[in-house]
Structures are given as C-alpha cells and as structure tokens.
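One-based numbering along the sequence shown. Computed from heavy atoms alone, side chains included, the values below leave out hydrogens, waters and symmetry copies. Bear in mind that the values here come from a model prediction, so they are computed numbers and not experimental data.
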Amino acid sequence: MWWLGRKGPSGFSASSTAEEVTQGIDATDFTAIVTGATSGIGAETARVLALRGVHVVMGIRNMAAGGEIKETIQRDNPSAKIDMMELDLSSLESVRKFAAQFKSCGLPLNILVNNAGIMATPFRLSKDNIELQFATNHVGHFLLTNLLLETMKQTAIEQRKEGRIVNVSSRRHKLSYPEGIRFDKINDESGYNSFSAYGQSKLANVLHANELARRLKQEEGTEITANSVSPGPIATSLFRHHSLIDVFVGLLGKYVMKNIQQGAATTCYVALHPQIKGLSGRYFVDSNLAEASSQAVDPELARKLWEHTSNLVKS
C-alpha cells in the first residue's frame with residue numbers, strides 16, 4: 001500500500017523487508033538468541049540473521065516446529081548456523097534451565113532478541129502464578145536477559161563489538177490500562193481485559209529496555225545497548241484467541257497489514273544495522289526512531305517495574 005512506502009530518515013519504510021534493511025551486512029562472527037522463532041516474525045528474524053552469517057540459537061517451546069523451521073532455513077541456506085534449545089517463557093524454571101544450557105555450551109552472545117509473545121489471551125495464571133501475558137511477554141524475558149547479561153558483557157569485551165538487546169514490543173503499548181502497569185492488580189481476574197493486559201505487557205517491554213539501557217550506561221566500559229521495537233500491524237496467528245478478528249485478518253490482512261517479511265524488518269534493523277551503533281533506550285517503528293507513549297518514557301515507572309519484576313523472579 002502507498003502509505004507503507006514513505007521512507008524515514010534511516011532510508012527505510014514500513015514496506016521495507018528484513019532482507020532489505022540488512023542488505024550487505026556481514027555478521028559472520030556474531031551469535032544471537034531469538035526467542036519465539038518457530039513462526040511469524042520470530043522465524044523470519046532467525047532466517048534473515050542466519051542469512052547474514054549470524055549463528056542463531058532459537059529459544060523455542062515447540063521443538064518439533066522448531067526442527068521444521070531449522071530444516072527450511074538450512075535447505076534454502078546450506079551454510080546457515082542454526083541451533084535449537086527448549087524455552088518456555090511463561091515458566092521461570094524453563095528460563096533458568098535454558099540460560100544454564102546456553103552458558104554450558106560456551107558460546108559467545110552478541111545479540112538477544114526478546115521476541116516470543118502471546119496476545120489477548122483469556123485470563124490464565126502461569127506456572128508461577130503470574131498473569132500469563134505479563135509472565136510470557138515480560139517477566140520471562142526480564143529474567144532471561146538478566147541471566148545472560150554477563151555472557152553478553154564478556155563477549156562485548158573479548159570481541160570489542162557492541163552487544164545488542166532488542167525487545168519486541170507493539171504499538172499497543174500505548175493502550176495499556178489507564179495506570180499503565182497495574183502492580184497490585186496484575187493477577188486480578190475481575191478487572192482483566194485481554195487487550196489491555198496485552199498492552200500492559202508490551203508497555204513493560206519498552207520500560208524494561210529503557211531501564212536496562214539506563215543501568216548499562218552507568219557501567220563504564222560496557223558496550224551493550226537495549227532498545228525496543230514495534231513490528232507494526234502484521235497478519236499472524238497472534239489473533240487466534242479472537243475469532244472475528246482472526247477472520248478479518250485472514251480476509252483483509254494482506255491489503256491493510258504488513259507481511260511477515262516487512263514485520264521482521266525493524267527487529268533485524270535494530271539488531272544488525274550500523275546506523276544503530278551507540279543508540280540505547282530508544283524505540284523504533286518501521287526501521288526508524290519513533291516516539292513511545294508518555295508512560296513508556298516515564299523513568300520512575302521504569303524503575304518501579306524493574307524492582308517489581310526483580311521481586312517476582314526472586315519469589
């Protein structure tokens with residue numbers, strides 16, 4: 001569509017694909033973890049990073065589906081370096097097990113793409129008794145990032161290359177509950193709204209990246225950035241819990257929404273492009289810098305969320 005083609009300062013637009021925004025980039029010495037890489041933009045992110053030479057470790061819940069994605073990527077790109085490790089972001093035990101397994105492999109880690117997510121699900125609690133969307137989309141990634149951060153710091157020092165953490169958020173971070181994060185009511189079923197809860201978890205993704213960026217900047221000699229991205233409206237299986245929306249997406253999505261290749265572009269751009277070097281605590285849309293909501297850039301809210309989530313993962 002014509003409105004997708006307007007280029008921003010980066011030279012890219014909403015219609016740019018993941019391959020286009022990484023064209024000519026050689027990342028053969030890089031290792032990346034991509035969560036939720038069995039479908040949608042996660043699978044495309046893994047494919048394109050591997051295409052640029054990155055050793056990709058897919059952190060995935062469904063190992064059978066992951067095997068199919070890996071086989072497809074390597075069939076089209078025989079030199080692709082792809083590994084799989086089981087990871088359920090809704091389970092803190094699974095996150096800890098994944099991190100331990102990854103570290104036991106002795107691999108470096110240059111890029112962490114916190115991509116996995118669920119959307120607008122009926123109310124449920126995770127195994128750790130945390131509202132499922134908040135647990136999967138935010139808390140699991142918060143713990144994963146913390147557990148892998150020392151590995152990333154060591155890699156950045158040894159290779160003298162900037163490490164990058166990319167949180168995949170959404171424009172719906174602007175449509176959370178009125179208070180932003182319902183710290184005392186996250187697990188309250190009576191006030192639960194599936195779309196507002198999704199917005200809350202996506203707001204948490206931006207706040208997490210911003211607070212992490214602030215903390216990393218205070219550490220002298222730490223060359224790691226943390227940013228958040230919105231893929232934009234994409235026709236994916238995320239709408240499966242809402243049948244009418246799912247039907248609409250199936251019938252009209254290709255005319256008014258991005259395809260998967262376009263949806264993965266901003267993630268790949270922020271993960272690999274040299275234009276991003278040194279930028280941290282920023283929010284990107286359509287492979288360009290963008291403005292997040294006022295709640296998303298509230299430093300006090302970010303600090304409060306960090307403390308709250310730290311307590312959740314400890315308990």
Could you tell me which residues satisfy side-chain hydrogen bond (donor to acceptor under 3.5 Å, both in side chains) with [X], sequence neighbours excluded, listed by chain and number?
{"X": "Q159", "result": "N110"}
{"X": "E162", "result": "R164"}
{"X": "N187", "result": "none"}

Any side-chain donor-acceptor pair under 3.5 Å between [X] and [Y]?
{"X": "N167", "Y": "H208", "answer": "yes"}
{"X": "N137", "Y": "S201", "answer": "yes"}
{"X": "K314", "Y": "N311", "answer": "no"}
{"X": "H55", "Y": "D83", "answer": "yes"}

Can you measure from [atom1] ([X]) to [atom2] ([Y]) and round to the nearest 0.5 angstrom?
{"X": "M58", "Y": "T35", "atom1": "CE", "atom2": "OG1", "answer": "12.0 Å"}
{"X": "N259", "Y": "E44", "atom1": "CG", "atom2": "CD", "answer": "8.5 Å"}
{"X": "Q262", "Y": "E20", "atom1": "CD", "atom2": "CD", "answer": "8.0 Å"}

Residues sharing V285's hydrophobic cluster, by side-chain heavy-atom contacts under 4.5 Å among ILVMFWY, directly or via others?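 Noted: V285 shares its cluster with V206, Y283.
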
By the rule that ILVMFWY residues connect when side-chain heavy atoms come within less than 4.5 angstrom, directly or transitively, which residues belong alongside F123?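 Members besides F123, by chain and number: L125, Y177, Y192.
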
Is a salt bridge present between [X] and [Y], judged by a nitrogen-to-oxygen distance below 4.0 Å?
{"X": "E68", "Y": "R75", "answer": "no"}
{"X": "D286", "Y": "R171", "answer": "yes"}
{"X": "K161", "Y": "D29", "answer": "yes"}

Can you spot which of L144, T151, L143, T145 makes a side chain to side chain contact (heavy atoms under 4.5 Å, CB included) with L147?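 So the option named by the test is L143.
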
On the 0 to 90° scale, with breaks at 30° and 60°, tag the F134-H138 ring pair as parallel, tilted or perpendicular.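 Plane angle between 30° and 60°, so tilted.
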
Do other residues, nucleotides or ligands put more than 12 heavy atoms under 6.0 Å from K304 NZ?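 Not buried by this count: 12 neighbours or fewer within 6.0 Å.
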
Hey, could you give me each pair passing side chain to side chain donor-acceptor pair (under 3.5 Å) that has a residue in residues 95-106? Not counting sequence neighbours.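 Every candidate side chain to side chain donor-acceptor pair (under 3.5 Å) pair involving residues 95-106 fails, so no pair, neighbours aside, qualifies.
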
